[in-house]
Amino acid sequence: TVCWVHPQAHSAGAMIALSCDEIIITADGIIGDSMPIIFDGQGLQTLPAAERSKLEAPIRKEARDLAERNGYNADVCEGMINTNIILWVIRHRTTREMQIVKHHDWQSKVDNIPGAARNPNAKWEYVRLFDAADQLVDLKTREALFSGLAAAKCDTLDEVKTRYGITGEVETLVDQPLDSVAHWLNSPSIAGILMTVMILAFFGEIRTPGVGVYGAIALLCLLLIIGS
């Protein structure tokens, strides 16, 4: 499977991309920023460190597993989820090979680290910062290609077809009108409104003799919540 990022793959989109055998990207593409977030009726919620760590742990593991299975840099993929990861670009002094690594795994093995004592016997040297501690990995095309996350740049569908030798017509799957309605009904704000109206209508039906409009409204809200 191939993921074509055109132009963005964030959150679940980035995880879907990592599950593919190969990723290609447009010139204006961006991929990354997959830190889990929680919305409620009051908007984006801030999680305490312990709760966030618990929430992130399985997602970080999944990202590393996907990276290792499909040949991506696991540290880069994990950095999409956790802001505490610092990534360096380092270079082998003899072979000139470049790598992206976690800084705490390589501090004692690298020379030319800014502000640190020299390590002239080190086989590797510091080149530059790839991702800072307070930032999620969110790669534009150049960095996605450099890191090996993206295999190639393809700006048009014709370029994609040429790269993979596709000669037939490509079927594009798009959301249907009912899909858009379902997404809208499942949004936190609308779902909360439906739930509130259903509860109020239910109590209104209880207080009203017979079966009336309150019961119909409560049933309609329940069907919308379940059906969406």
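Computed from heavy atoms alone, side chains included, the values below leave out hydrogens, waters and symmetry copies.
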V76 side chain reached by L139 side chain, heavy atoms, under 4.5 Å: yes
Where I25 and A150 come nearest, the two heavy atoms and their spacing: CG2-CB, 3.8 Å
Is there a path of hydrophobic side-chain contacts, each under 4.5 Å between heavy atoms of I, L, V, M, F, W or Y residues, that connects F202 with I225? yes
L129 CG to D131 CG distance, which is reported to the nearest 0.5 Å: 7.0 Å
Can you find a pair of side-chain heavy atoms, one from H104 and one from I86, that are under 4.5 Å apart? no
Could you report the tightest heavy-atom contact between T1 and C20, atom names first, then the distance? OG1-CA, 3.3 Å
Without swapping roles, check the side chain of S11 against the backbone of G13 for a donor-acceptor pair under 3.5 Å. no
Residues in ring-ring contact (aromatic ring centres under 6.0 Å, His included) contact with H92, at least two apart in sequence or another chain: W124
Provide the closest heavy-atom pair for V127 versus I90 in the form atom of the first, atom of the second, distance. CG2-C, 4.0 Å
I want to check something: taking the side chain as every heavy atom from C-beta on, are L136 and I81 in contact at a cut-off of under 4.5 Å? no
Tell me which pairs pass salt bridge (Lys or Arg N to Asp or Glu O under 4.0 Å) where either residue lies in residues 109-124, with sequence neighbours left out. R93-D111, D111-R118
Between D158 and T156, is a side-chain hydrogen bond (donor to acceptor under 3.5 Å, both in side chains) present by the stated rule, with each step listed? CA-CA 5 Å; D158 286 338; T156 66; 5.1 Å; no
When you measure from the side chain of N112 to the backbone N and O of E125, does any donor-acceptor pair fall under 3.5 Å? no
Spell out, as yes or no, whether a donor-acceptor pair under 3.5 Å connects the side chain of T141 to the backbone of T26. yes
Joint hydrophobic cluster, V137 plus L66, side-chain heavy atoms closer than 4.5 Å: yes
Check this for me, if you would: do E56 and R64 make a salt bridge, where the nitrogen-to-carboxylate-oxygen distance has to be below 4.0 angstrom? no
Indicate yes or no: at least one non-hydrogen side-chain atom of I85 is less than 4.5 angstrom from one of D75. no
Please list, chain by chain and in numerical order, all residues satisfying salt bridge (charged side-chain N to carboxylate O under 4.0 Å, His left out) with R142, sequence neighbours excluded. none
Between L222 and F203, is there a shared hydrophobic cluster once you connect ILVMFWY residues whose side-chain heavy atoms come closer than 4.5 Å? yes
With clusters defined by side-chain heavy atoms of hydrophobic residues (ILVMFWY) lying less than 4.5 Å apart, directly or transitively, does L178 cluster with L185? no
Are any side-chain N or O atoms of S187 and backbone N or O atoms of W184, one a donor and one an acceptor, separated by less than 3.5 Å? yes
D28 and H6: side chain donor to acceptor below 3.5 Å: no
Contact check, side chains of I24 and V5, non-hydrogen atoms, under 4.5 Å: no
Does R96 reach the side chain of R91, with side-chain heavy atoms less than 4.5 Å apart? yes
Y126: what forms a ring-ring contact (aromatic ring centres under 6.0 Å, His included) with it, not counting sequence neighbours? W88
Considering residues at least two apart in sequence or located in another chain, which fulfil the side-chain contact (heavy atoms from CB on, under 4.5 Å) criterion with S108? none
Is the side chain of N70 donor-acceptor paired with the backbone N or O of Y72 at a distance under 3.5 Å, no angle test? no
Are any of the side-chain nitrogens in E78 or K102 under 4.0 Å away from the carboxylate oxygens of its partner? yes
Flag if over 12 foreign heavy atoms under 6.0 Å of CZ, R128: yes
With a 4.5 Å limit on heavy-atom distance, are the side chains of E143 and F130 in contact? yes
May I ask you to decide if I30's main-chain N or O and D138's side chain share a donor-acceptor pair within less than 3.5 Å? no
Atom of M198, atom of C221 and distance for their closest heavy-atom approach: CB-CB, 3.6 Å
Pair R163 + E22: basic N to acidic O under 4.0 Å: yes
Who pairs with I166 by side-chain contact (heavy atoms from CB on, under 4.5 Å), at least two apart in sequence or on another chain? K161, Y164, V170
Closer than 3.5 angstrom, by distance alone: can the side chain of E159 be matched with the main-chain N or O of D155 as a donor-acceptor pair? yes
Ignoring hydrogens and angles, tell me if any N or O in the side chain of S34 forms a donor-acceptor pair with the backbone of A14 under 3.5 Å. no
Does the side-chain contact (heavy atoms from CB on, under 4.5 Å) test come out yes or no for I23 and W4, once each step is laid out? CA-CA 6 Å; I23 300 171; W4 182 29; over 6 Å; no
Using the rule that Ile, Leu, Val, Met, Phe, Trp and Tyr join whenever any side-chain heavy atoms are under 4.5 Å apart, tell me whether I113 and V89 fall into a single cluster. no
Side-chain contact test, heavy atoms from C-beta onward, threshold under 4.5 Å: evaluate it for V160 versus C154 and give yes or no. yes
Does M195 have more than 12 heavy atoms from other residues, nucleotides or ligands lying within 6.0 Å of its CE? no
With respect to T196, which candidate in L200, I193, I199 satisfies the side-chain contact (heavy atoms from CB on, under 4.5 Å) definition? L200
Could you grab the distance from atom OG of S53 to atom CG of N82, nearest 0.5 Å is fine? 8.0 Å
Assess whether salt bridge (charged side-chain N to carboxylate O under 4.0 Å, His left out) is satisfied between D65 and R69, documenting all intermediate values. CA-CA 6 Å; D65 289 345; R69 186 183 75 191; over 6 Å; no
If you take all heavy atoms of C77 and L149, which pair is closest and at what distance? SG-CD1, 4.0 Å
